[in-house]
Number of protein chains: 2
Amino acid sequence: MKSTPRRGPGPLALAVLELLCERPMHPYEMQQTMRERHVNRMVKVTVGSLYHAVDKLERTGLIEATQTSREGNRPERTTYRITDEGRDVFADQLRHMTAEPADEYPEFDLAVGFLHKLDPEDALRQLHERTTAIESNLAAQQVWMDRLATQNLQPMYWINIRYRHAMWQAELTWIRDLVARLESGQINWPNCTPRTKLTVVHESAEETG
Amino acid sequence: MKSTPRRGPGPLALAVLELLCERPMHPYEMQQTMRERHVNRMVKVTVGSLYHAVDKLERTGLIEATQTSREGNRPERTTYRITDEGRDVFADQLRHMTAEPADEYPEFDLAVGFLHKLDPEDALRQLHERTTAIESNLAAQQVWMDRLATQNLQPMYWINIRYRHAMWQAELTWIRDLVARLESGQINWPNCTPRTKLTVVHESAEETG
DNA sequence: GTTCGTTTATTCGAAGTGGAGTATATGGCG
DNA sequence: CGCCATATACTCCACTTCGAATAAACGAAC
């Protein structure tokens, strides 16, 4: 028995379904609406992928074309609506994405894992740059959140922003702690210590496997 | 201002370079070594992608073939070593990945953003499942960290595990808080309120870049 | 009234991803 | 010895991603 290789709709397809839950649209309109609602902060929305996603959703019967209209001589535009099965699959996938932590591979994990390959001052400089970037990031988010708070928008419509804010905050805290530990010498740098063994390396070339 | 279109080596290619910093290897050996060192927890390592990545690294001159040997009649295996330019690019990319927060799209952000599409009890059930999953996740990590602590492995070699642990912890905390707020009725569910119309969501499109 | 920039809408193709498939060697077991 | 499971080591191709290219319509300025 293999580990379920079948995949439901991806993030972009899910976003499409979400829009079509409200009302039928054609792809271009979806794109605009996603921008307006800042859905593009949660999923990568690119033209090509969008049309592809829509196409696949149609092939799998989760959405269907209602009409193809043409204004003047512009490219024909096809309007789609969600099917009943589409609604079901949407809910299922959403539940799944909520309940099951996906295994993703954030780049910073890799960077942190390889950090010992830089020399300590260099690493510290880069970490410092990152904290700065995250700080301005958080500030911008804060402004936005304040704006949203003044308007009477239902909280459930923007908890995702609060979530992201919390995560950035956590990362910032962690990095600051790491920097402090490094600067105070609580963590010593592998290459600087006498008994490094794992990473002494590479003379000139010859080594037969 | 366009979003920097120039791309250095991706995560997998970076991992390859990191290995080859130590000593020459052939692709299959890289794969094994990555498994042993749990690099596969930080990057998605799949055969096809690996060979492709190696191929591209060679084409761009960041690594080069040193020898192709054959044992018996097995497929030929090509051993690669890193070039000087490879080393430079590795360091550059690592610095970049450290200093600049990448914009990635974790699935849970989307799920949280769409959560209001489920009814409240359903959403709470899914969130609860997630907390459970994360808890066991954290427990497993803790065990591993304890094991590593007993061995005298340099801390810098596993701070990435600590980092991931901290991030999971933060997510868990946030979700618990959300659940608490939802259960205590501090956040009311959109559908439960007199629904004006779902189109309240969008407002001005302009904001800080 | 034509030229220029923007908006409307989609197609296309190059590049990348990922897993199944291929093919040989090796080791254990009756 | 014959058989099967596993390890070694890639190759292949179906699918996905994402930005460039295409192309018509619209507004407004010269």
Side-chain angles (χ1 to χ4, degrees), chain A residues 1-16 19 24-36 40 43-60 65 67-80 102-105 107 209, chain B residues 1-16 19 24-36 40 43-60 65 67-80 102-105 107 205:
Chain A
M1 205 157 90
K2 293 257 170 179
S3 59
T4 52
R6 60 124 208 295
R7 292 233 286 274
L12 182 52
L14 198 77
V16 168
L19 285 188
M25 288 188 196
H26 53 94
Y28 184 77
E29 195 182 356
M30 294 176 203
Q31 205 194 313
Q32 303 308 333
T33 314
M34 285 185 193
R35 258 194 233 297
E36 279 167 21
N40 52 34
V43 251
K44 180 98 187 180
V45 182
T46 49
V47 261
S49 312
L50 178 61
Y51 281 91
H52 178 67
V54 166
D55 197 53
K56 184 170 182 184
L57 282 172
E58 191 188 16
R59 266 164 16 229
T60 52
Q67 50 170 323
T68 65
S69 70
R70 162 181 304 258
E71 259 170 53
N73 209 356
R74 279 195 229 153
E76 203 174 57
R77 63 186 193 188
T78 310
T79 302
Y80 296 90
D103 51 324
E104 291 162 308
Y105 302 85
E107 293 196 359
Chain B
M1 195 163 76
K2 291 255 171 181
S3 58
T4 51
R6 58 119 204 292
R7 290 231 287 276
L12 183 51
L14 198 78
V16 168
L19 285 187
M25 287 188 198
H26 53 94
Y28 184 76
E29 195 182 356
M30 293 174 202
Q31 204 194 313
Q32 301 309 333
T33 314
M34 285 186 193
R35 257 192 233 300
E36 278 167 21
N40 52 36
V43 253
K44 180 100 187 179
V45 182
T46 49
V47 261
S49 310
L50 178 61
Y51 281 92
H52 177 67
V54 165
D55 198 52
K56 180 166 186 188
L57 282 171
E58 191 187 16
R59 266 162 19 227
T60 52
Q67 51 171 317
T68 65
S69 72
R70 165 183 301 259
E71 258 169 54
N73 209 357
R74 276 195 231 152
E76 204 175 56
R77 64 186 193 186
T78 310
T79 303
Y80 297 89
D103 50 322
E104 290 162 309
Y105 302 85
E107 294 196 358

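The structure presented is a predicted model; accordingly, all values stated were derived computationally and were not measured.
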Is the phosphate of [N] approached by [X] (side-chain N or O, under 4.0 Å from OP1 or OP2)?
{"X": "His26(A)", "N": "dT8(C)", "value": "no"}
{"X": "Ser49(B)", "N": "dG18(C)", "value": "yes"}
{"X": "Lys56(A)", "N": "dC15(D)", "value": "no"}
{"X": "Tyr28(A)", "N": "dT8(C)", "value": "yes"}
{"X": "His52(B)", "N": "dT17(C)", "value": "no"}

Does any part of the side chain of [Y], heavy atoms only, come nearer than 4.5 Å to the side chain of [X], both counted from C-beta?
{"X": "Tyr28(A)", "Y": "Arg77(A)", "result": "no"}
{"X": "Val16(A)", "Y": "Met34(A)", "result": "yes"}
{"X": "Thr78(A)", "Y": "His26(A)", "result": "no"}

Between [N] atom [atom2] and [X] atom [atom1], what is the distance in whole Å?
{"X": "Leu50(A)", "N": "dC12(C)", "atom1": "CG", "atom2": "C1'", "value": "16 Å"}
{"X": "Tyr105(A)", "N": "dG16(C)", "atom1": "OH", "atom2": "C1'", "value": "17 Å"}
{"X": "Leu14(B)", "N": "dG16(C)", "atom1": "CG", "atom2": "P", "value": "16 Å"}
{"X": "Glu104(A)", "N": "dT17(C)", "atom1": "CD", "atom2": "P", "value": "16 Å"}
{"X": "Tyr51(B)", "N": "dT8(D)", "atom1": "OH", "atom2": "P", "value": "12 Å"}
{"X": "Arg77(A)", "N": "dA25(D)", "atom1": "CZ", "atom2": "P", "value": "14 Å"}
{"X": "Asp55(B)", "N": "dA15(C)", "atom1": "CG", "atom2": "C1'", "value": "13 Å"}
{"X": "Met30(B)", "N": "dT8(D)", "atom1": "CE", "atom2": "P", "value": "16 Å"}

So does Glu107(B) get a backbone contact from the side chain of Glu104(A), meaning a donor-acceptor N/O pair under 3.5 Å? yes

Selected nucleotide, minimal atom distance to Val47(A) side chain, candidates dT8(D), dA20(D), dC10(D): dA20(D)

Between OG1 on residue Thr33(B) and CE on residue Met25(B), distance to nearest 0.5 Å: 4.0 Å

Arg59(B) or Thr46(B), whichever maps to the more 5' nucleotide of DNA chain C: Arg59(B)

